[in-house]
Amino acid sequence: MDEIRLQKVEALRELGIEPYPTEPFPINTTAAEILRYYPQQKLDFKSVRLAGRLWRKRIMGKASFAVLRDETGDIQLYFQRDDFAHQPELYDTLFKKLLDLGDIIGVEGFVFTTKTGEITVHVQHFRLLAKCLRPLPIEKETEEKTYAAFTDPELRYRMRYVDLIVHVGVRELFRRRSAIVQAIRDFFNERGYLEVETPILQPVYGGAFAQPFTTHHNALDMQLFLRISNELYLKRLIVGGFTGVYEFSKDFRNEGIDRYHNPEFTQVELYVAYQDYYWMMELVERLLEAVARRVLGTTQVSYNGLILDFTPPFARVRYYEAIEKAVGRDVRALSEQELLHLLTEKGVPLPEPPYERIDLVAQLFDKLVEPTLIQPTFVLDYPEEISPLAKKHRSEAGVVERFELIVAGKELANAYSELNDPIDQRRRLERQAALRAAGGLEAMPMDEDFLRALEYGMPPTAGLGLGIDRLTMLLCDAPSIQEVLLFPLLRPETPSPAES
RNA sequence: GUCCCCAUAGCUCAGCGGUAGAGCAGCGGAUUCUUAAUCCGCGGGCCGCAGGUUCGAAUCCUGCUGGGGACACCA
């Protein structure tokens, strides 16, 4: 902490000013409201009360300008010594000496326009509401340049509270993230789907290919897993008779961290009975169109220098046909040896062992097809082997009724006509169990209770998983997932001797 | 896990073998329409950590820690 500021705390108390007062300071307006409505005099601005951080101080002797930053933005303040003639130390000592940039203050006064035309609050009363003991990285900017920008990603993520104070745009991004979630929730609620909450701590994990975090319940002395997906629980609810359920789900995957992956992330999953994946594709088109319009006012989305067009209908391409287009051959007909040869020929690295024939096909898709799909594109009809929870295709053997929505070369959504044949489901999970036994760390474990639920009968159902973080990245033009997570996972801070 | 880059004042950075620097922030002073306010003056550092090379290391080398990027993994 800053030694000088600690001394100021003492000085304040000696003056009889409590640096952390108990009394509330109810406000009646905000910076943005004043700036927006004062020019038209739509509101009464003769006695405004607002609060926020002291952000600039420009003392010119007996008068001063300052800037107050609240949640909505910045507004200029004007202080005159003469206004505090009854108690001169308020201006001479409290304002001029003891208030630091970053201190949280409440002000009361009237709005006027300065000679240079800036809307300003003429402060008649002010009060310190909370002292800031650490200097903030205050950025300064002119038309052309920003000075002392607070840009170190590590500091920004570790101290997101500071990032949020300093960067208006970061606050705006997280408001937009909230608006995206709200738009999706409204879209689903309008259609009568039920928002539910299912277990995060699961005795058996499933619903995706991933390694889980494990934990332990002391009283029951049992191992538990943080969910990697909520899919199997939502399907149990469809068995239970709900026709449409969804959940915004924090999922946890014990895997690497990069620009697109954080160990905990958010998906929304939706299951609707009596529908199939064709229906779901149209729903996803309408959903993303609605979200983009509501959040951005347009379906043309700027992302990483591109314009992504979310106007339906989106492009559709079948999985094997997309690969054939990329490599010039129908890989369904190829043996494992021929596929190995093809990967080498195309310069595609082999997957990590243990791998099977189908993993070579998937590798071709992942390396040669997915990155090339920039505009929103539905890829449909995936191989059965890599889709153990999706229903067999109604007319083609070996593939299932599944689509992924690829945007900007990354998976944004994944959906199936859900597998509801309990015999087939058992067979597929048994195959997963065999893969696990052979060392496949990410193969799904057997879930007998889930199979029992299916045996009671699940209606034909369409299911969807949509990545909220990825969608937020797209709609906020954010270059990494860390930018759209308030508190992305970082290694623990190394304690420095100076701290503590 | 691998490779590359980065780490110097509260923030942003310069310095790259020879006495630690700038701007902003801070402190003292002047200043009643400023807005990167201005003007005068001042303080501020385990140069990420630990070794090594050298007469001498912020600077060169090795290791470690943290971060960023790419790859791998995440079918």
Side-chain angles (χ1 to χ4, degrees), chain A residues 1-5 7-8 55-67 74-83 91 96-97 100-102 112-118 120 122 132-159 162 166 208-211 228 251 253-263 265 319 349-352 355-356 358-367 370 382-383 385-388 404 410-411 414 435 440-444 479-480 482 488 490-498:
Chain A
M1 268 175 302
D2 190 275
E3 199 53 46
I4 291 161
R5 294 199 181 196
Q7 288 164 14
K8 288 182 179 181
W55 203 241
R56 298 265 194 275
K57 241 167 45 164
R58 294 185 286 273
I59 297 171
M60 283 156 307
K62 292 176 183 160
S64 296
F65 288 94
V67 171
D74 296 350
I75 191 160
Q76 181 166 265
L77 306 177
Y78 180 64
F79 292 78
Q80 267 191 351
R81 189 180 192 281
D82 297 347
D83 293 330
Y91 182 81
K96 281 176 73 172
K97 302 282 185 192
D100 287 300
L101 301 192
F112 75 110
T113 306
T114 64
K115 284 176 190 165
T116 53
E118 181 155 351
T120 300
H122 186 126
C132 174
L133 293 180
R134 291 176 184 264
L136 282 163
I138 307 243
E139 299 186 348
K140 295 214 164 184
E141 49 193 22
T142 58
E143 301 283 321
E144 318 87 56
K145 258 184 101 174
T146 298
Y147 297 80
F150 181 60
T151 49
D152 185 328
E154 177 178 4
L155 294 178
R156 288 184 50 230
Y157 301 149
R158 275 197 204 286
M159 299 192 288
V162 172
V166 172
F209 299 107
Q211 295 187 59
I228 59 170
D251 293 341
R253 297 187 182 174
N254 207 337
E255 283 155 0
I257 297 174
D258 66 21
R259 223 144 62 77
Y260 300 95
H261 298 86
N262 191 66
F265 65 104
Y319 187 87
L350 297 183
E352 290 269 300
Y355 58 81
E356 303 195 303
I358 196 64
D359 298 315
L360 301 177
V361 174
Q363 184 77 348
L364 285 173
F365 180 84
D366 292 345
K367 300 300 170 206
E370 193 169 273
Y382 279 65
E385 300 94 315
I386 58 172
S387 314
E404 287 194 1
K410 291 282 168 190
E411 174 190 348
N414 182 22
L435 289 177
L441 291 173
E442 273 133 18
M444 288 183 200
S480 77
Q482 295 175 311
L490 298 175
R491 280 200 167 81
E493 207 165 351
T494 43
S496 76

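Computed from heavy atoms alone, side chains included, the values below leave out hydrogens, waters and symmetry copies. None of these values were measured; they are calculated from a predicted model. So you know, we letter chains A, B, ... as the sequences are listed, proteins then strands, and number each from 1.
Here the nucleotide nearest the side chain of A/Arg259, chosen from B/rG69, B/rA72, B/rU32, is B/rG69. Taking the side chain of A/Arg158 as heavy atoms from C-beta on, and the options B/rA75, B/rG67, B/rU34, the nearest nucleotide is B/rG67. Among the nucleotides B/rG66, B/rA75, B/rU31, the one closest to the side chain of A/Met60 is B/rU31. With B/rG66, B/rA75, B/rC33 as the candidates, the nucleotide lying closest to the side chain of A/Ala362 is B/rA75.
Among the atoms of the strands shown, base atoms are found under 4.0 Å from some heavy atom of A/Gln76. Contacts of A/Thr151 with the nucleic acid, taken as non-hydrogen atoms under 4.0 Å apart, involve only primed sugar atoms and P, OP1 or OP2. Within 4.0 Å (heavy atoms only), A/Tyr260 reaches no atom of the nucleic acid at all. In this structure, A/Tyr91 reaches neither bases nor backbone, as no heavy-atom distance under 4.0 Å exists between it and the strands shown. Contact annotation for A/Asp152: backbone-only contact, meaning every heavy-atom pair under 4.0 Å involves sugar-phosphate atoms and none involves a base. Within 4.0 Å of A/Arg81, counting heavy atoms only, lies no atom of the nucleic acid at all. Within the nucleic acid shown, A/Leu490 comes within 4.0 Å of sugar-phosphate atoms alone, with no base atom in reach, counting heavy atoms only. Residue contacts for A/Lys410: at a heavy-atom cut-off of 4.0 Å it reaches no nucleic acid atom on any strand shown. A/Ile4 comes within contact range of the sugar-phosphate backbone alone, with a heavy-atom separation under 4.0 Å but no base atom that close.
Summarising the geometry, the separation between CZ on A/Arg156 and P on B/rC11 is reported as 15 Å, rounded to the nearest angstrom. A straight line from CZ of A/Arg58 to P of B/rA25 spans 11 Å, rounded to a whole angstrom. When rounded to the nearest whole Å, the span between CG of A/Asp366 and P of B/rC73 equals 9 Å.
Toward the 5′ end of RNA chain B lies the nearest nucleotide of A/Asp100, the other residue of the pair A/Gly61 and A/Asp100 mapping further downstream.
Between B/rG68 and A/Gln482, a contact under 4.0 Å exists linking OP1 or OP2 to a side-chain N or O. A/Lys57 has no side-chain polar atom (N or O) that falls below the 4.0 Å cut-off from OP1 or OP2 of B/rA37. The side chain of A/Lys367 places an N or O atom within less than 4.0 Å of a non-bridging phosphate oxygen (OP1 or OP2) of B/rC73.
The minimum heavy-atom distance linking A/Leu77 with A/Thr120 is given by the pair C-CG2, 3.7 Å. Nearest heavy atoms, A/Ala210 versus A/Glu255: CA-OE2, 3.1 Å.
Side-chain atoms of A/Lys8 come within 3.5 Å of backbone atoms of A/Lys97 as a donor-acceptor pair (strictly under, hydrogens ignored). Side chain of A/Lys57 to backbone of A/Lys96: a donor-acceptor contact under 3.5 angstrom is found.
Scanning atom types as modelled, one donor and one acceptor separated by under 3.5 angstrom connect the side chain of A/Thr114 and the base of B/rU34. Between the side chain of A/Glu118 and the base of B/rU34, no donor-acceptor pair of N or O atoms lies under 3.5 Å. Side-chain to base pairing of A/Asp258 with B/rC73: one donor and one acceptor N or O lie within less than 3.5 Å of each other.
Using N1 to N3 plus N6-O4 or O6-N4 for Watson-Crick, or N1-O2 and O6-N3 for G-U wobble, each under 3.5 Å, B/rG26 pairs with B/rC42. Across all strands shown, B/rU31 forms no Watson-Crick or G-U wobble pair with both distances under 3.5 Å. If you check B/rA58 for Watson-Crick or wobble pairing at under 3.5 angstrom, you find it has no partner at all. With a 3.5 Å ceiling on both atom-pair distances, B/rU53 lacks any Watson-Crick or G-U wobble partner.
A side-chain donor-acceptor contact under 3.5 Å links A/Tyr78 and A/Gln80.
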